[in-house]
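For reference, the structure discussed in these notes is given below.
Chain naming here is simple, since letters A, B, ... match the order of the sequence lines and numbering starts at 1 in each.
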Amino acid sequence: MSYHFNKIEEKWQKYWAENQTFKAFNTSEKPKYYVLDMFPYPSGAGLHVGHPLGYIASDIYARYKRHKGFNVLHPQGYDSFGLPAEQYAIQTGQHPALTTQNNIARYREQLDKIGFSFDWSREVRTSEPDYYKWTQWIFIQLFESWYDLEAEKSRPVSELVELFSSEGNTRVNAACDADIAEFSAEDWAQYAEDEKEQILLKYRLTYLAETEVNWCPQLGTVLANDEIVNGVSERGGYPVIRKKMTQWSMRISAFAERLLQDLNKLDWTESLKESQRNWIGKSVGAQVAFKVMNSDAEFEVFTTRPDTIFGVNFMTLAPEHELVSKITTEDRRQEVEAYIEATAKRSERERMADVKTISGAFTGAYAEHPFTKEPIPIWIGDYVLAGYGTGAVMAVPCGDQRDHDFARHFDLPITNIFKDVDVSQEAHAGKEGTVIANSDFLSGLEYKEALNRVILELEKTGQGYGKTNYRLRDAVFSRQRYWGEPFPVYYVNGLPKMIDLEHLPLRLPEVEKYLPTESGEPPLGNATNWAWDTEKNEVVSNDKINNSTVFQLELNTMPGWAGSSWYLFRYMDAGNPDVFVSEEAQQYWENVDLYIGGSEHATGHLLYSRFWTKFLSDRGKLSVEEPFKKLINQGMILGTSAFVYRLEGENVFISATQIKGNNVQPIHVDVSLVNASDELDVEGFKKWRPEFAEAKFVLEDGRYIVGREVEKMSKSKYNVVNPDEICERYGADTLRMYEMFLGPLEQAKPWNTAGITGVHNFLKKFWKLYHNGADFQVSAKKASADSLKSLHKTIKKVTEDIEDFSFNTSVSTFMICVNELTAQKCSSREVLEPLAVLIAPYAPHIAEELWQKLGHDKSITTANYPEFEEKYLVESKKNYPVSFNGKMRFTIELPMDLSKDEIEKNVLEDERTKNQLSGSTPKKVIVVPGKIVNIVT
RNA sequence: GCUCGAGUGGCGGAAUUGGUAGACGCGCUGGAUUCAAAAUCCAGUUCUUUCGGGAGUGUGGGUUCGAUUCCCACCUCGAGUACCA
């Protein structure tokens, strides 16, 4: 009987579903282990072979951990709010909820065919009211909290109000908006309620603010920084402009230091931590105040090099700096205004692309040096960004290349304050080993000493202080979309109020159109029932708005990352109607032990999720400060696109080998029309699209050869390979093993269906090992020593590989093992039983089938792996090559578990060694246990 | 520009506390089986060679008895980030 994988796989998938084999329980004697995949957005295109890569890896690990005796939580769900469903709705009028539901059904069908061990009883969907109820709840928690910088902790706003009532805000060290005025307890008592609300809003962890945002006109929404790639939107590639809008923001900047420090606790790749560090962008330096001469104006600069303060030759303000118009002298005004206008016209993108051109203008004003009291000219220049630091810099051309370039361009002086360094050609940015000169009290000091000294001096004279800056900005949380979580917010006199917790969820209203309204409001502006009745506590018709009991609800919705920032906790207690996750469930599962997903989320999802976890932990809702202990980025599986070449202006296609000098236009052709040797199915191609029906071909030896290129897999490039087809043709077990076999998990690699036969043949050989013709046949006899050695080698290697996530080499190890067992004609139960357990994580269906035929009545999932490791520890032997001065001479057979000294002794006592040495004493004997003995004579 | 990562046969890729480079698979070549094909099985497959060998892990140096692995310089590719003061 041959290997009927379709039948076997169907049988076991049904068995697992019916018996809820992979259901995890929130109490167990066993230790817990939580394996999570980044949940997918269910797009209309369905899954291609690239999607399951990470899921297969995590599934192997989850199944392995079960064998190892862990209580494993391995759930799956859908990040189901998002743009594509909404855009589809705009085009077709179909409700996004319906599209989403259909897409999810399709995804589920595809996922089920691959035989994953997900606990589907815990499935979550971010677009379900039962789920987004808790997203709204977290939003309210954030609104009701402020950040205490002293305690480095989020605290309830009620405690802030107490502080204000007892001592005002002068001593409160909180993360807040920049424009806070000082007030006393008495002042606070006298403020009207609305005034108090206004002030509190500046402290809340989610707050309304007029912010300059990245507006994408084509998408009709704002985008977060991480949703913009090269100045255009990540989705669709549309241009993005800056625009001022009132938006909800998240005070993530308050958590910058903790987000940075705690990276050290995580088992993530260095490159990923590095991107987060970059994104947070900590720089330590000083804030220094400069007085404008002949004026009462003063401005601050931020610098990481206060030690170079005596090298300041000029100041540069961002053109948008508020002081510019105030300090510009009359004779300079025209030039300065022209420059400001010119820079304002240039888009962010142009400004970014063009970093070579140096431009600026002199304001005519001078600042006073804090120590020398000398006048310093104040310039404006667009190399200084309004949004970073204070929007002003002290320019030290001898120490900073941009300042140097600017000085040379405008012919400004360059003072050298470094000892024995030439700065005439370029700035000297090095710190270590540099001695400061020409700098009054800093002269003769090294960088570190000078730095400390100058900050001390600045603080003493009240002209500055040591300061740390972060690049991390607060995250804009409003989106002008329909298909997202509605904010649980209504407005009273322009002030936001939260809906009471017990009335959540606030469900998305129905709308006629999913586009923004004619007056430019978000799509929810189209809803006719979108007002909140504070007496009935329910949504009512907009007609009833009276601003005393019925109020307008918020029209924005939350961004995509809202639902994905906390979903890992919902799996622990999915469906709990009373709380987002129960304390018991959360304390049992803690957080994710292993998280697998793509690296594109390095600075978005992974940072926001860490932020919300820290916040919820501060407020006592969670017992952990980090969501994901260990994280692995799986590399993308790329598609191998195929091209046909059309002669310019004709319906004639030239084989890739015949192009020569012809002018051709490459056209993507569906990869299913091309065979493994790059030959096009010409008849199929003609039928593929009507415009090709009459096409003519220039062939090579009667064949049309296509061109190939490796690209991202996508529908529009016709290079998508569907996992269903692979499962149909080769089986899920083959697909799973082949995806692992393709290469290292973390590396990007092209898909190539041709190689799959190797893995498929391996499974067939494995099957043949215990089948004689049509009959299942295993021997009850003891296995030979060789077979046991093969088995044990495999157990050892595969176990090590799984622990290191080197799944590709473990597939090779299985192949070697089966080849050896085939050669040994081994069909012993003694070998096959542990082998079934070992291979089950990779190829679960064939393993279950074998396990059952071996007489077990429970799923192989319950098999205990350490038991097999113990039982089959055989004493293996190894041949040690012995070489003299690097030249290999002969081998000696010795047991593997000898110590270095024992091996050395055995080798030196061997007759052949004595012959080689012929009486002389070796200089050195190098022994590598398990590998080699090298004798240096 | 900066940060991180990677360069090994025709291809995907193995091998690092420094120890027989090219495991395993694809492809290719030859053979068996077959009327034939598919499938399967067996053998071979880094290059070069006067069949003794010789060369070889991006390039050039270095450390070492021994380097794909460690160090220095350079080249190429990929990812991230970018006037961040």
Taking the [atom1] atom in each of [N] and [M], what is the distance between them to the nearest angstrom?
N     : M     : atom1 : answer
B:C65 : B:C84 : P     : 48 Å
B:C42 : B:U46 : C1'   : 23 Å
B:A37 : B:U16 : P     : 44 Å
B:G78 : B:U17 : C1'   : 29 Å
B:U76 : B:U8  : C1'   : 15 Å
B:G44 : B:U64 : P     : 41 Å
B:U45 : B:A6  : C1'   : 28 Å
B:U81 : B:G9  : C1'   : 36 Å

Watson-Crick or G-U wobble partner of [N], both distances under 3.5 Å:
N     : value
B:U50 : none
B:G78 : B:C4
B:G19 : B:C65
B:U34 : none
B:G56 : none
B:C11 : B:G25

From [options], pick the nucleotide closest to the side chain of [X]?
X        : options             : result
A:Ser271 : B:G25, B:C26, B:C4  : B:C4
A:Arg402 : B:A82, B:A39, B:C83 : B:C83
A:Val384 : B:A39, B:C41, B:A85 : B:A85
A:Tyr388 : B:C41, B:C24, B:C84 : B:C84

- Is the distance between the ring centroids of A:Trp767 and A:Phe5 under 6.0 Å? no

- Do the two ring centres, one from A:Phe406 and one from A:Phe314, sit under 6.0 Å apart? yes

Distances under 3.5 Å between protein N/O atoms and the N/O atoms of nucleotides 9-14 of chain B, please, pair by pair.
from	atom 1	to	atom 2	distance (Å)
B:G12	O2'	A:Leu742	O	2.6
B:G13	OP1	A:Gln747	NE2	2.9
B:A14	OP1	A:Asn808	ND2	3.2

- Quick note, side-chain hydrogen bond (donor to acceptor under 3.5 Å, both in side chains) partners involving residues 740-751 of chain A, not counting sequence neighbours, are A:Trp751-A:Thr753

I need the [atom1]-[atom2] distance between [X] and [N], as an integer number of Å.
X        : N     : atom1 : atom2 : value
A:Trp279 : B:U3  : CH2   : P     : 19 Å
A:Asn469 : B:C83 : CG    : P     : 16 Å
A:Arg277 : B:U3  : CZ    : C1'   : 11 Å
A:Leu272 : B:U3  : CG    : C1'   : 13 Å
A:His760 : B:A39 : NE2   : P     : 11 Å
A:Leu763 : B:U40 : CG    : C1'   : 16 Å
A:Leu769 : B:C41 : CG    : C1'   : 16 Å
A:Phe406 : B:A85 : CZ    : P     : 18 Å

- Message: With syn defined as a glycosidic angle within 90° of 0 and anti as the rest, where does B:G52 land?
- Response: syn

- What is the glycosidic conformation of B:G9: syn, defined as within 90° of 0, or anti? syn

- Query: Between A:Thr822 and A:Lys282, which is nearer to the 5' end of RNA chain B once each is assigned its nearest nucleotide?
  - Reply: A:Thr822

- Query: If you find the nucleotide of RNA chain B closest to A:Val811 and the one closest to A:Val393, which residue's nucleotide is nearer the 5' end?
  - Reply: A:Val811

- Query: Between A:Asn819 and B:C24, does any side-chain N or O lie under 4.0 Å from OP1 or OP2?
  - Reply: no

- Quick one: do A:Tyr3 and A:His771 satisfy side chain to side chain contact (heavy atoms under 4.5 Å, CB included)? Show the steps, please. CA-CA 10 Å; A:Tyr3 167 42; A:His771 282 90; over 6 Å; no

- Task: Apply the side-chain contact (heavy atoms from CB on, under 4.5 Å) test between A:Thr734 and each candidate in A:Ile846, A:Thr757, A:Ile756; give the one that qualifies.
- Result: A:Ile756

- Item | Salt bridge flag under 4.0 Å for residues A:Glu820 and A:Lys793 | yes

- Task: Assess whether side chain to side chain contact (heavy atoms under 4.5 Å, CB included) is satisfied between A:Tyr738 and A:Tyr730, documenting all intermediate values.
- Result: CA-CA 10 Å; A:Tyr738 186 56; A:Tyr730 300 99; over 6 Å; no

- Minimum side-chain heavy-atom gap A:Ile795-A:Leu835 below 4.5 Å: no

- Hey, does A:Lys273 reach any base, or is it just sugar-phosphate, or nothing, if we go heavy atoms under 4.0 Å? nothing

- Query: Contact class for A:Asp403 (heavy atom, under 4.0 Å): base, sugar-phosphate, or nothing?
  - Reply: nothing

- Could you tell me which residues satisfy salt bridge (charged side-chain N to carboxylate O under 4.0 Å, His left out) with A:Arg277, sequence neighbours excluded, listed by chain and number? A:Glu270, A:Glu274

- A:Asn819-A:Lys765 side chain donor-acceptor pair, cut-off 3.5 Å: yes

